[in-house]
Structure formats: C-alpha cells, structure tokens
Amino acid sequence: EALFRDAPAERREEAALWIALVHVSLRDHQGALSWAARIESAGPRDRLKSYLHLQLEDWGAAVASGREAVAAAPGDVTARLLLASALLGRASRRSTAGCEERLELLEEVKSLSESEPSNRHAAFLLRMALETVRPVLGPQSRSRSVAMTHAMTKPARCLEALVAVAVAL
C-alpha cells in the first residue's frame, strides 16, 4: 500500500500492475484482483482481471472481463484468447450450456483462428471448442432431441447456426 501511495501519480498505474503481478506470483488471485481494479487503462486492467477470474474458475466474471478487454482493444490477440478461454471454460464446465453459449464460443474461436492462423493457442482453443459442441452435433437422435428442445425454448435457428459454424471450421 505504501509503495502505491508513495509512487508519483504518473507511475501509480504501473505500480498497481506490478503489485498485482506479485500477488499472482504468490497465487493470491483475490489480492491481485483488488490491485488490478486500481489500473486505470481498460485494456491491461480487463485482460488481467479476465486472466485472474480464469484462474479462480469464475467463468461469468472471466467472460465479462474478457469482453471488456476485447471492447477496449479489438485487435489484441491476448484479450481475444482470454475471452475465448473464458467462453470455453464456461461452456465445457456447465452441463446445461445452451446453444447460444456454444455458438458464441465457436464464433469467437473461429474469428480468432482466422485472424491468427499460426497461433497454436488459437488452434488448441478451436479443437477444444469443437469438443464442447460434439454432444450437440453428435448422433442424429441426440441432435434431433436438442433441436426439438431449442425449437420449444429458443428459435431453432440457433442450432442451425451452430451446425453451420461448426461445419465451416
């Protein structure tokens, strides 16, 4: 706290970042989150918050921070990888992940892999994303039951879009 307080005003953001990273190295992700909140620049702050929420397996917060990081810097590959990782974590760890969640995941990973074709992290996320939709796109009987469920609750177009994106990959 004293280090941050005593830092010149123009260096406080940098001090907050370094203090947060010290907390990360100590595996104190909650402490790091409190310091990340003091970072004024949206891109670095939200990337770090998304990473920390991923470590804490707080998928909703990781997705929200990832979206904010991408909004702050749409061309930032790290922000997009963090968002895709958060979407993947949320979709793969929830047995009730809906079609819309899976579609958002596939669209983000597809966009990422197209813009970064040689990025091995993007390629890994693409493979993992396809695994999360396999239960939906699996045997015809399963696909029909999912389609019927979605037709009753949400427009069946979601499942059609999911199939179209998966096939395009």
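Source: prediction; values computed, not measured.
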Q: May I have the step-by-step check of side-chain contact (heavy atoms from CB on, under 4.5 Å) for Q55 and V24, ending in yes or no?
A: CA-CA 10 Å; Q55 297 304 306; V24 169; over 6 Å; no
Q: Show your reasoning for whether side-chain contact (heavy atoms from CB on, under 4.5 Å) applies to L56 and Q30.
A: CA-CA 8 Å; L56 294 167; Q30 290 294 344; 3.5 Å; yes
**Q.** From CA spacing to verdict: side-chain contact (heavy atoms from CB on, under 4.5 Å), W35, F4
**A.** CA-CA 10 Å; W35 283 100; F4 179 77; 3.5 Å; yes
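Atoms CG and OG, from D28 and S34 in turn, are 7.5 Å apart once rounded to the nearest 0.5 Å. Remark: L87 CG to R67 CZ distance equals 6.0 Å, nearest 0.5 Å. For the atom pair L48 CG and H53 NE2, the distance stands at 9.5 Å (nearest 0.5 Å).
Residues D46 and K49 form a side-chain contact, since some pair of their non-hydrogen atoms from C-beta on lies under 4.5 Å apart. Side-chain contact between D76 and V70 is absent, with no heavy atoms from C-beta onward closer than 4.5 Å. Looking at heavy atoms from C-beta onward, V77 lies out of side-chain contact with H121 at the 4.5 angstrom threshold.
Closest approach of L82 and R47 over heavy atoms only: CD1-O, 3.3 Å. Here the closest heavy-atom approach between residue A79 and residue A69 is recorded as CB-CB, 3.8 Å. When all heavy atoms of A7 and R12 are compared, the closest pair comes out as O-NE, 3.3 Å. What you find for L83 and V63 is that their closest heavy atoms are CD1-O, 3.7 Å. Closest non-hydrogen pair, E40 versus R45, comes out as O-NH1, 3.1 Å.
A donor-acceptor contact shorter than 3.5 Å is absent between the side chain of S50 and the backbone of S65. Counting only distance, with no hydrogens or angles, the side chain of S111 and the backbone of E107 share no donor-acceptor pair below 3.5 Å.
Using a 4.5 Å cut-off between side-chain heavy atoms of Ile, Leu, Val, Met, Phe, Trp and Tyr, with links allowed through other members, V22 and L52 fall into different hydrophobic clusters.
Counting non-hydrogen atoms of other residues, nucleotides and ligands closer than 6.0 Å to CD of E10 gives a total above 12.
Looking at E108 and R80, a side-chain N of the basic residue comes within less than 4.0 Å of a carboxylate O on the acidic one, giving a salt bridge. By the 4.0 Å N-to-carboxylate-O rule, E1 lies close enough to R38 to be salt-bridged with it.
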